Number of protein chains: 2
Amino acid sequence: MRVLLVEDDQFHASYMEDVLAETLPEVTEIFHAVNGEEAEHEARALSIDAVVMDLRMSTRNGIEAARTLWTERPETRILFWSNYADEAYLRGIAAIVPEDSAYGYLLKTAPRDRLKLALRAVLVEGQIMVDREIHRLQRRAASPRNTLDDSEFAVLLDLALGLQDRTIAERRGMSLRTVQNRLLSLYEKLGVDAERDPDMPLNKRVRALNRALVTRTLNMETLETAQRDLDRWKAGQRKRAG
Amino acid sequence: MRVLLVEDDQFHASYMEDVLAETLPEVTEIFHAVNGEEAEHEARALSIDAVVMDLRMSTRNGIEAARTLWTERPETRILFWSNYADEAYLRGIAAIVPEDSAYGYLLKTAPRDRLKLALRAVLVEGQIMVDREIHRLQRRAASPRNTLDDSEFAVLLDLALGLQDRTIAERRGMSLRTVQNRLLSLYEKLGVDAERDPDMPLNKRVRALNRALVTRTLNMETLETAQRDLDRWKAGQRKRAG
DNA sequence: AGACCTGTTGCGGGTTCCCGCACATGGTTT
DNA sequence: AAACCATGTGCGGGAACCCGCAACAGGTCT
């Protein structure tokens, strides 16, 4: 098996290489990449079976790289290996994983045993595996019923990009009023309403983005990825109109 | 000399310990902490002379911990050691460093030699030292004259928290119109104006926050720290009013 | 001194946003 | 079938926001 290790931190990379060699005898070769762009090139050139992928990297993040990899070779098995348990990452992965693809999500703080287990389960056995810690942290402490559904999340992304209601409505194929209803429930679920204070009224739009970031519902990588999606959509719009 | 190493990543911690032992014979003891809170307690209990501090940590970030440390012992020498060259970190540090205190800011990707040099310069010699890479990245590629001055940055923080113009004016002691002028120049300097597109008008407020994040003028830690400052101010307000 | 630049402030008006109210649709419960 | 939700939509109004215009203060250059 040919494994690609995508990791920009040399210490973590050599640790992972170590564990890989120790755990998986079926691995014949290990290749390296230090960012998402390199990962895409190497996977293309080297016909890679399995990938261990860091998420936060400089020029191109792990989710975008994974999207490219899976587009070109949907059967690639990818273990995401990250420092952070952000909901944003899970949503990003869930949005791009192909039918029947194997993947896993493990925290870097996971003990060596659990890492070994995940490597075997995902890369060799083709299972799906998400670190227990991540699901635990996922349960938000705040009010109940605060899980965003997909359409709310889509509106949240557009809000975060700075789109106006009208544009969101157009892009998502909703009426203006419906977009505003989504915003209402976002304000509710993100806890913007709960902070209401007559002495200090808030700008709900900005506050919603703030809360989404602080609760790790969104993160920086999400914003960058969403921006690229928006640019693509905008290009499509222009073509359709012109 | 007693050194406190604040670092939540075990690999980086042991690497740093290694380099410390090799480089600084005047170090008699090395203590550890894995987050900002622990760092504050240990520094208080152990009378620490010098600190190596990671910035991004779980329960309390490096900047807040440093503020506490410096409040209690302004002569403490701190080398910040981070993965990221965010402008937000530099601003955060600049805002809390006491007169005549020694500090440094080094990237984790810095080669071992440069790390050694920085350790000696900051912790032993008491110099101020900022990684060249960081200043280089600081020069924004966009339009010229886009450096925020302090009052613009303050308004940006308030905007990011979701405050309304009126509240910002009150908090910063400006008139409403002056706040709006600051916002205008923020929109200009963050490139919100430059993106103007008649087909897709933006919500400038949200877009400004988005741009500030993407350009690393703000980051998550900034938001959290600013929120705590706001809470303190709000408590003060309440006392003054009641 | 006079011209000039920069930063602060008030006023006014057009736009966007927030959201209550009302109504329609479609699925579920009783 | 009737009652009942959840969701999508239109209308309307008050609040917040964006910003051009104009005035004024303080500092700098000629």
Side-chain angles (χ1 to χ4, degrees), chain A residues 143-212, chain B residues 143-212:
Chain A
S143 54
R145 279 294 158 283
N146 50 7
T147 317
L148 305 188
D149 64 34
D150 289 343
S151 89
E152 284 164 345
F153 191 75
V155 171
L156 175 59
L157 281 180
D158 287 350
L159 179 150
L161 292 172
L163 300 190
Q164 295 186 348
D165 295 1
R166 188 154 21 88
T167 314
I168 302 177
E170 188 183 344
R171 184 177 183 199
R172 304 293 178 189
M174 310 176 187
S175 84
L176 194 68
R177 194 63 183 80
T178 300
V179 171
Q180 294 175 334
N181 278 338
R182 292 286 145 77
L183 289 175
L184 281 198
S185 60
L186 279 176
Y187 299 154
E188 160 99 33
K189 292 184 178 176
L190 291 171
V192 177
D193 282 332
E195 302 174 310
R196 212 152 119 261
D197 175 352
D199 295 344
M200 183 171 298
L202 296 174
N203 180 309
K204 302 204 167 188
R205 234 152 215 269
V206 176
R207 190 62 183 178
L209 175 50
N210 181 307
R211 296 284 309 156
Chain B
S143 52
R145 279 293 157 286
N146 50 7
T147 318
L148 306 188
D149 64 34
D150 289 344
S151 90
E152 283 164 347
F153 192 75
V155 171
L156 175 59
L157 282 181
D158 288 350
L159 179 151
L161 292 173
L163 300 191
Q164 295 186 348
D165 295 0
R166 188 155 20 88
T167 315
I168 302 177
E170 187 183 344
R171 184 177 183 199
R172 303 294 179 188
M174 310 175 188
S175 84
L176 194 69
R177 194 60 182 83
T178 300
V179 171
Q180 295 175 333
N181 278 337
R182 291 289 144 78
L183 288 175
L184 282 197
S185 59
L186 279 176
Y187 298 154
E188 160 100 33
K189 291 184 179 176
L190 291 171
V192 177
D193 282 332
E195 302 174 310
R196 210 150 122 264
D197 176 351
D199 296 344
M200 182 172 298
L202 296 175
N203 180 309
K204 301 205 167 188
R205 238 155 212 267
V206 176
R207 189 63 182 177
L209 175 51
N210 181 306
R211 296 285 307 158

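Every chain is numbered from 1, with letters handed out A, B, ... down the list of sequences. Just so you know, these numbers come straight off a predicted model, no measurement behind them.
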*Side chains of R182(A) and S151(A): donor-acceptor distance under 3.5 Å anywhere?*
yes

*Where do N181(B) and R177(B) land on the side-chain hydrogen bond (donor to acceptor under 3.5 Å, both in side chains) test, with the steps shown first?*
CA-CA 6 Å; N181(B) 278 337; R177(B) 194 60 182 83; 2.9 Å; yes

*When we call it a touch if two heavy atoms are under 4.0 Å apart, what does Q164(B) touch: a base, just sugar-phosphate, or nothing?*
sugar-phosphate

*If you look at every heavy atom in L184(B) and D193(B), which pair is closest and at what distance?*
O-OD2, 4.3 Å

*Reckon N203(A) has a side-chain N or O less than 4.0 Å from the OP1 or OP2 of dC17(D)?*
yes

*Quick one: is dT16(C) close enough that its OP1 or OP2 comes under 4.0 Å of any side-chain N or O from K204(B)?*
no

*When you match V179(B) and D193(A) each to their closest nucleotide on DNA chain C, which lands nearer the 5' end?*
V179(B)

*Look at the side chain of R177(B) and the base of dG20(D), then say whether one donor and one acceptor between them are separated by less than 3.5 Å.*
yes

_d(CG, L183(A); P, dT9(D)) in whole Å_ = 14 Å

*Find the distance N181(B):CG to dG20(D):P and express it as a whole number of Å.*
10 Å

_Output the rounded distance in Å from CZ (R207(A)) to P (dC18(C))._
15 Å

*In whole Å, what is the span from the CG atom of L202(B) to the P atom of dT15(C)?*
17 Å

*L159(A) has an atom CG; how far is it from atom C1' of dC18(C), in whole Å?*
13 Å

_Value in whole Å for how far the P atom of dC21(C) lies from CD of Q180(A)_ = 16 Å

_Any side-chain N or O of T178(B) below 4.0 angstrom from OP1/OP2 of dT9(C)?_
yes

*Do the side chain of R196(A) and the main chain of P201(A) share a donor and acceptor less than 3.5 angstrom apart?*
no

_Distance check needed: dT6(C) P versus M174(B) CE, whole Å only._
19 Å

*Pair E152(A)-L156(A), side chain to side chain contact (heavy atoms under 4.5 Å, CB included): steps then yes or no*: CA-CA 6 Å; E152(A) 284 164 345; L156(A) 175 59; over 6 Å; no

*Could you say whether S151(B) or L184(A) is positioned toward the 5' end of DNA chain C, judged by the nucleotide with the nearest heavy atom to each?*
S151(B)

_Short side-chain N/O contact to dC17(C) OP1/OP2 from R166(A), under 4.0 Å_ = no

*Contact class for L176(A) vs. all strands (heavy atom < 4.0 Å): base, sugar-phosphate, or nothing?*
nothing

*Protein-nucleotide distance (L186(A), atom CG; dT7(D), atom P), rounded to Å*: 13 Å

